[in-house]
Every structure is written in structure tokens, then in C-alpha cells.
Amino acid sequence: MSFTGFLWVFAAAAVLVAGGLSYAASSQPDGLDATTRRGCTTVEVNGAEELHGECIARSAEEHRFAGSPLADYAIDGNSDLAGPAGVVGVGAAFAVLFAVIRTVRIGRSGSRFGGRRGDVAARSDAEPE
């Protein structure tokens, strides 16, 4: 199997895993969240959670992509769409991976046009013989 074929198979498997296992993900805080909340208690005030006490999490701020359509493993805040959000995320990651690999391969071939090294017909800067 070629390297590109392997990447396609791996991408398909990743999409299936992301789409299927996203629904099994826990909604409980992960280890990092639990660690940063040590020393605080979570209190619900006016329908929102507030942290009381002394902990690292009190100084945390939302990141700049918090309001984006795919933030928090959901689509537009709908956690029922975790599977499709996972598929979109994996698809975007593999699109970037394939673009980087293609760019590296073109750079190694010595041509901007995808020809092989020494392939005069594919190169616009080649002088006629």
C-alpha cells in the first residue's frame, strides 16, 4: 500500500472513530479542568455557574474561538451534534495534513507544477534546447 493510500485509510478510520465515539465522550470535567478547580466550589447563580474559593480556574478566560460554530465539541452549541462536529474536525485536520504533504512533495520534486526533477516539459523556466 502506498503512503497516500495509507493516509486515506487512516483518515477514513479517524472519521468513523470521531463520528461514533464522540457521543460516548464524558461531559464531566477532564483531569485538567478538575485540577484547575481544586480549592473552588461551583455554585449556580442565575442559571450560570460561578466558582467560589481559591483556584486557578477563577482567572481563566474564554479563548478567542469559544463563540465559533464548532467550539466545545458541538455545532453551534448543540451538544447532540458532537459526532458531526468530530467528523468536521478530523476532516479539517486531514485537509491540512494532505496540503502539507503535497507542498513537501512538490518542493522535493523541484517544480512548482508537480513535474519530476528534470522534466523539462513541466517547467516554465526551462530554456529550449
What distance separates R38 CZ from D33 CG, expressed to the nearest 0.5 Å?
->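 Spacing of CZ (R38) from CG (D33) equals 12.0 Å.
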Could you list the donor-acceptor pairs under 3.5 angstrom formed by side chains in residues 54-67, with sequence neighbours left out?
unit_1, atom_1, unit_2, atom_2, d
R58, NH1, G53, O, 2.7
S59, OG, I56, O, 2.9
H63, ND1, F65, N, 3.1
H63, ND1, A66, N, 3.2

Which other residues belong to the hydrophobic cluster containing V90, where Ile, Leu, Val, Met, Phe, Trp and Tyr are joined when side-chain heavy atoms lie under 4.5 Å apart, directly or via other members?
->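 For the cluster that includes V90, the remaining residues are M1, F3, F6, L7, W8, V9, F10, V15, V87, F94, L97, F98, I101.
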Only distances under 3.5 Å count here; give the side-chain donor-acceptor pairs of residues 39-49 to other protein atoms, sequence neighbours excluded, each with its distance to 0.1 Å.
none

